[in-house]
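So you know, we letter chains A, B, ... as the sequences are listed, proteins then strands, and number each from 1.
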Amino acid sequence: MFTGENIIQIVSGFLHWAYAQVGISALAGAIDPVISAIVMFGFISVFVMFLVWMERKVSAHMQSRIGPNRVGPFGLLQTVADAIKLTTKEDVKPVNRDKIPYFIAPIVAFVATFMGMVVIPFDKGMVVQDLNVGILYIIAITGFTVIAILTAGWSSNNKFALLGGFRSAAQIISYEVPLVLSVVPIIMITGTLSLSGIVEYQQQAGYWFIFPQIVAFIIFITSATAEANRAPFDIPEAESELIGGFHTEYSGVKFAMFFLGEYIAVVVSSAVAVTLFLGGWLPVAFLGFLHLPGFIWFLIKLVSVIYLVMAFRWTFPRLRVDQLMDFGWKVLIPLSILNILITASVWLLLYGKGAQ
Amino acid sequence: MTDLLLSQVKVGGESQFGTDEYVVNLGPQHPATHGVLRLIVKLDGETVKETVPVLGYLHRSIEKICENRTYPQCITYTDRIDYVSAMSVNYAFALATEKLMNIEAPARAQWLRMIFIELQRLASHLLWMGAFAGDIGALTPFLYGLRERERILDLFEMTCGQRLTYNYIRIGGVMIDILPDFVSKCIAFLDYFEPKIDEYEDLLTYNPIFLERTKGVGVISPEMGINAGVCGPSLRGSGIACDVRKQQPYLYYDQVKFAECIETAGDCWSRYKVRMREMRESVSIIRQSLERLEPGPIEAKMPPVLKAPLNSEIYSRIESSRGEMGVYLVGDGTAKPWKAKFRCASFSNLYVLDQLTKGWKVADIMAVLGSLDMIVPEVDR
Amino acid sequence: MGIFKYFKDIFSGLWSLLVGLSVTSKYFLNFKAVTTQQYPEERLPLPARSRSMIKLIYDGEKDQFNCVACLMCAKACPNSCIKLEGVRQVDGKRRMTTFKLDFSTCIFCGYCVEACGFDALTFVSEEYENAVYKRGSLLQDEHAMKWVRPAQPIAPEEQKKETVIPAVVGA
């Protein structure tokens, strides 16, 4: 049957035969992860291009208009045209910038978010490296973006970019706490940090975690949009009327890297949400007769969650900075702590001391 | 000129953290759709200390030009004073001239004028809603408002030929009669549009983020409003009944049933609610007027050259979409006005911006400016 | 109590957010309900009364412009866009010799068309794509503005104006 596991078996069988032909079978353990990382990189790059197109089409149809429909069939090549435009733009740099941090900041922003995709399981066994501390790794990686933003704001030699960078960094740091806390009940229930393990637990248990943990799902999605600086939390980008965001002084490819980094952060958080709450590669219960391979289910769920994140941007107004911080600290954190307490108490009541 | 203004904004206060104040320019080119208004804002960190508007970027000397044009020719310039709500300004000037020269428009013309002015009020409020929501951050209601507004402009184009600067309401009547299918198309539009207002309210009115941004922000107390000369929906949001259509009824507003929309809190949210309710009332007025339309002449019998009596003057006011629009005319016996002065609502309403935003954050400037429904061509003329 | 209000606020806030999402999602799911007119391919006709472009009517049978150079349009124009000259012919009738309309200052108010008592000027609603590359091209003379009325019956909905020549002429 056409499942993810079969594909992995076929491909790795072919690769090992190829190694044997060339005579480097001993190095298989080292080369396999590199090849899977390259495949993941390629896939994500194409997926992000698709996402940019999807955002424009989704926003357009929500607003009763047609999005891009001229470049390529249904406008699918519009992102390619945008990418060509951004790469051929003049790279305007402020004269008094701090040269090395200015150069490094967009690279860090881009690479850090990409690194999160390494542990996401697209199907059983279809993951670049199934770390057994998967969630911890992803949460640690999201801390990198703060460094990138602060560096960008500081090195631009522009007091407004610096202020924008400060605000953005404060926002990201504040919303990491509810992000982590909303994941804790799932870790408590499953007893493992590995993402594949969590999906397998959902398979055995027979239900997805969104049903008992709907509050955690909402908190997670909200914190993830705040982490990616997207509306309704896009003060650093949209308050450009007065104070430019941290990326004011960037143009061309460097700006493209920030921009793509934001989309990849959305993809990573949505993928984590799908894995933790929506059952990863598991089929939707009543549609199981379709016999689709696991990664197709994963992609369908991923696109749905990303649609939800995009709908947030185009439906809700923007929060003011102090209201944003209020919301994070006074609403999300107490709710997520409450969620942990309730989950733990219910678990103990139902299953006694034998809980994992 | 700018140095003079900047010197009035004193910089260098002290706060407990030893921070400095700095002056920032919210330049004439805005991402928001208010037009070319320049705001010099003195900030302490994120808090606004003082806001000084710099006007004049859209000044076209319309009042001076009108001194050299005949009364009918002036109507073409009034379109451009408030291009979002051009029918109202056309009518303000036509009313002033008719009072000056003792002309009375026939009944059908009055009903038609009422229908078009209320349709124009709808169009203006739709654009305001879009711009206000866009300032707050919700980008979608702008397109919804414009989509509805396009249909109103189609009705206008069907009748008089233009979509923005109509030159339709003339002295003594209207330019041309409506087409036979106008009434059915108008009723079809109203039936389509009324549920849409509910949709916009669903999207915005009780949205918690919208409430946080607008409730309690920019409170105009009744005393502050009256002292500063605020008028229109901005003052009705503070509880004061100031609708010229009720106080000094013109056209046939005393013969149709409509409610004056008043809210008491005085913040941005109240002003938003006042305008949404005004949209519903306008729909009701249009329906009633369409029923009472009867055949007849559409223009009064007037001399071919309109001359004002010597040493005559008149001040007449109407309720345009933004508030009270007043026209002051001085006649000198010739066919051209000696003086034409337009008292525009946005100019007076802009005055309270400084008092409303003192001590609030930068983001609130945009919220307050949006809720005042200020249009720069009215401010600068 | 404060704690109940806290949770009530959260739930009511969440509910109105969901209602808002449903409004936009409804438009999204209704894929065909777009209001975009894809311009170069879809050129919808403008209404008959559209004040698009002013044309001088040329009478094909009599082989002359209808204009008699009475200068009513020039006096009516608020911006003085029209300059024209005429000459009295041997049979006593006046005819126009040159007619210039500066479209860069014209505001399309329609006073010239209304003032003309000889059916010489009209708006042609089909011609609305009037962008030019050089500003000088906007000063059009009678050859550029020449237009022959097509031999069509008047559309049944088009109503005639019911008034006398309006009072637009200046002193």
Side-chain angles (χ1 to χ4, degrees), chain B residues 65 69-77 79-80 138 140 143-144 146-147 150-151 154 157-163 165-167 170-173 175-181 199-200 202-212 296-307 334-336, chain C residues 9-28 33-37 44 46-52 72 75-80 106-115 123 125 128 155-171:
Chain B
I65 289 178
R69 303 283 186 276
T70 64
Y71 289 93
Q73 286 175 340
C74 288
I75 301 252
T76 63
Y77 288 95
D79 277 322
R80 278 118 180 117
T140 322
L143 285 132
Y144 293 159
L146 285 188
R147 180 189 62 201
E150 284 295 304
R151 299 179 75 131
D154 282 341
E157 194 181 15
M158 192 171 104
T159 311
C160 68
Q162 285 275 24
R163 298 174 79 91
T165 51
Y166 316 107
N167 196 17
R170 303 286 176 82
I171 302 167
M175 162 187 156
I176 190 171
D177 208 343
I178 53 175
L179 289 175
D181 54 349
E199 253 185 37
Y200 306 146
D202 275 344
L203 200 51
L204 286 174
T205 311
Y206 291 104
N207 191 323
I209 307 175
F210 188 74
L211 279 174
E212 285 229 37
I298 55 163
E299 211 163 9
K301 289 272 181 282
M302 295 178 292
V305 176
L306 287 170
K307 283 196 177 146
T334 62
K336 301 182 182 176
Chain C
D9 280 344
I10 291 181
F11 277 118
S12 66
L14 200 61
W15 176 249
S16 25
L17 288 178
L18 282 173
V19 167
L21 273 179
S22 73
V23 170
T24 43
S25 295
K26 184 185 75 161
Y27 281 107
F28 174 72
V34 288
T35 52
T36 315
Q37 173 193 342
L44 301 180
L46 292 188
R49 291 182 181 176
S50 265
R51 309 211 281 250
S52 317
M72 287 287 133
K75 285 188 201 146
C77 179
N79 277 340
S80 315
C106 175
I107 57 175
F108 295 92
C109 62
Y111 276 156
C112 53
V113 175
E114 289 177 20
F123 283 115
S125 65
Y128 55 90
E157 316 104 311
E158 185 63 66
Q159 241 182 338
K160 288 208 179 45
K161 267 181 67 177
E162 286 180 327
T163 62
V164 297
I165 296 176
V168 294
V169 178

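The part of B:Tyr144 that comes within reach of chain C is its side chain, from C-beta onward, which places non-hydrogen atoms under 4.5 angstrom from that chain. Only the side chain of C:Leu46 comes within contact range of chain B, with heavy atoms under 4.5 Å apart. For C:Phe108, the parts lying under 4.5 angstrom from a heavy atom of chain B are both the backbone and the side chain. At a 4.5 Å heavy-atom cutoff, the contact between B:Thr159 and chain C is made by backbone and side-chain atoms alike. For C:Thr24, the parts lying near chain B are the backbone and the side chain together; criterion is any non-hydrogen pair under 4.5 Å.
C:Arg51 contributes a side-chain N or O that, together with a main-chain N or O of B:Cys160, makes up a donor-acceptor pair within less than 3.5 Å. Checked by atom type and distance alone, the side chain of B:Glu299 never pairs as donor or acceptor with a backbone atom of B:Met175 at under 3.5 Å. With hydrogens and angles ignored, the 3.5 Å screen pairs a side-chain donor or acceptor of B:Thr334 with a backbone N or O of B:Lys336. With C:Ser22 contributing its side chain and C:Val19 its backbone, the two residues share a donor-acceptor pair below 3.5 Å. In this structure a side-chain-to-backbone donor-acceptor pair under 3.5 Å is present from B:Arg80 to B:Thr76.
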Check your understanding: B:Tyr77 and C:Asn79: side-chain hydrogen bond (donor to acceptor under 3.5 Å, both in side chains), yes or no, with the steps?
Key -> CA-CA 10 Å; B:Tyr77 288 95; C:Asn79 277 340; 2.5 Å; yes
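The greatest number of non-hydrogen atom pairs below 4.5 Å with chain C, out of B:Ile75, B:Asn167, B:Thr140, is found for B:Asn167. Most heavy-atom pairs under 4.5 Å with chain B: of the set C:Leu21, C:Leu14, C:Asp9, C:Ile107, this distinction falls to C:Ile107.
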